[in-house]
Amino acid sequence: MLLRAAVERAQPDTRPAPRWPDGHINLGAVPGREMGLWDATPTQIPLARPDVASDFGLFAADAREPTDPFLAAKPKLSQIPFQPWARSLFAVSCAVATGPYTRCKPSSGARQVATAYGTQFYEVPELQRFYIIETGGAHSFRTVFMDGRAHPANLSPANRGHSIGRWEGNSLIIDTVGFNERVWIDNLGMPTTEKLHTIEKITRTNYSTITYEITIDDPGAYTATWKSGFYLRWTPGESFEFVCQENNQAPELIMGEDHIAVAPIPFIP
Amino acid sequence: MGLKEERSECRDWPVWIVEEHQRCRKGCAVPNVGPRPLHLSPANVLKDDPMSLQCYPPGALRQFSMPFGIQFLEDKAFNRIFVMNGGGNHDWHFIYTDGRAQKGEARGNADNPLYYGQAAGRWDGDTLVVDSIGFNERFWFSNGGMPHTKQLHLVERLTRTDMDTLKYQVTIDDPGAYTRPWTASWTLQWIAGEELPAYYCQDNRA
């Protein structure tokens, strides 16, 4: 599987990104053609250590020097502007890795987009909404309001916050605030606070590739705004009924066999 | 719900259900999940309900009687309908309207018994008719724990009779649990201006 992925990456897809009749980019399947999902990476890579962090992590392992310009722009762990407490918490979160995702809880930001078994991007123009619908993980969805509304003034903090979106050229821009502090926005537990504000930029660069970029602005946890991102790959197939609560294999698949019996610790949601 | 009301409600049920109900009212232990989830006492709901206890999906018709609402997204380009749950574990599933056979899951999986079954929908005039089979036995299909087996076959009819009203009617055919098909119905009310809440059952679980 990895070899095949490597070959695919070496041969860029020359098919253009599909568009709807009104000209804007279609981030989903094309009517009359194959159904598909967006996959971030194979899910069978144990992530017990940050130096084997998969492509959908928000930082590049220090030992890796990606030749791809997009991936090379991803910050290394040493470049992430943690506040001291956040750096300490991340060290624990990353080592224990018993994130909410592994226990069937909803994630947001990059972690939702990079969920296992693929993600659907579904735009409903008549409702002026865009939906991010995951197969794995919590098998849930996030609603992005595309009708020009602003964020409400008094949001109750929530796992997925409040998302508003707009098209900016060929990119979908999603602005989200209103997070609670229990949510993880990545796979290894980058700390966040209720001050978190994310801006996601989703760009389908060709038929089978999306560049997913996320800007993280959280003055409660970081000393500066920072950016990261990864690729999403179009994978033919359909989503299916997935129930994390049943036969949950996340501890084995994500954290490694040594972590199967690890219980969540008090300050990791 | 008081005892008198419970007994009245159970009166027309198969004898074995009533007997089990009465036995369990005396304090017996009942399984959380399994082929005969007989939890008829309100006191057992939070203790034994797979959805409340373990955040399993509100399978089959239970999704249409949940707090926090439900949303339909009809994807006409691909002949399918997303059914999005506001309550339960805030999950979703497909009703396929493309005429596919009711077998197998997408990606070529085996015929795994499912929480929402293999749901095949079609329009019959102004009514969406959904025929579903292929259920597992690990969920309660009603809030009170109505039993079912893998033989469960549902025919649901959803009719929006006016702007604010969706009539829901379901015929339950499960020869493994009931002596004959039976039908229930209720209405769902459109709540203008409301969004599905950010509710997740999992939030209160480890």
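Within every chain, numbering begins at 1; the chains are lettered A, B, ... in the order of the sequence lines, protein sequences first and strands thereafter.
- Taking a 6.0 Å sphere around CG of A:Asp22, one finds it holds more than 12 heavy atoms contributed by other residues, nucleotides or ligands.
- Proximity to chain A (any heavy atom under 4.5 Å) is shown, for B:Tyr115, by both the backbone and the side chain.
- Without hydrogens or angle criteria, A:Gln245 side chain to B:Gln54 main chain gives no donor-acceptor distance under 3.5 Å.
- Summarising the geometry, atom OH belonging to B:Tyr56 is positioned 9.0 Å from atom SG belonging to A:Cys104; distances are rounded to the nearest 0.5 Å.
- A distance of 8.0 Å separates OG1 of A:Thr143 from CG of B:Leu73, quoted to the nearest 0.5 Å.
- Counting heavy atoms from C-beta on, the side chains of A:Glu238 and B:Tyr96 come closer than 4.5 Å.
- Of all residues spanning residues 181-194 of chain B, none has a heavy atom less than 4.5 Å away from chain A's heavy atoms.
- Once rounded to the nearest 0.5 Å, the distance linking CZ of B:Phe139 with CD of A:Glu246 reads 11.0 Å.
- Summarising the geometry, atom CZ belonging to A:Phe240 is positioned 9.5 Å from atom CG belonging to B:Asn112; distances are rounded to the nearest 0.5 Å.
- A:Asn159 contributes atom CG, which lies 6.5 Å from atom OH of B:Tyr200 (distance to the nearest 0.5 angstrom).
- Interface remark: of the candidates A:Pro106, A:Ala29, A:Ala158, A:Pro106 forms the most heavy-atom pairs closer than 4.5 Å to chain B.
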What side-chain donor-acceptor pairs closer than 3.5 Å can you find for residues 118-132 of chain A, not counting sequence neighbours?
| from | atom 1 | to | atom 2 | distance (Å) |
| --- | --- | --- | --- | --- |
| A:Thr119 | OG1 | A:Val113 | O | 2.9 |
| A:Gln120 | OE1 | B:Arg80 | NH2 | 3.4 |
| A:Glu123 | OE1 | A:His24 | NE2 | 2.9 |
| A:Glu123 | OE2 | A:His24 | NE2 | 3.4 |
| A:Glu123 | OE2 | A:Trp167 | NE1 | 3.2 |
| A:Arg129 | NH1 | B:Glu195 | OE1 | 2.7 |
| A:Arg129 | NH2 | B:Glu195 | OE1 | 3.4 |
| A:Arg129 | NH2 | B:Glu195 | OE2 | 2.7 |
| A:Tyr131 | OH | B:Gln71 | NE2 | 3.3 |

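- Among the residues in residues 83-94 of chain B, those with a non-hydrogen atom closer than 4.5 angstrom to a non-hydrogen atom of chain A are B:Met84, B:Asn85, B:Asn89, B:His90, B:Asp91, B:Trp92, B:Phe94.
- Rounded to the nearest 0.5 angstrom, B:Cys55 SG and A:Arg103 CZ are separated by 12.0 Å.
- Side-chain atoms of A:Glu241 come within 3.5 Å of backbone atoms of B:Tyr116 as a donor-acceptor pair (strictly under, hydrogens ignored).
- Within residues 157-167 of chain B, no residue has any heavy atom less than 4.5 Å from a heavy atom of chain A.
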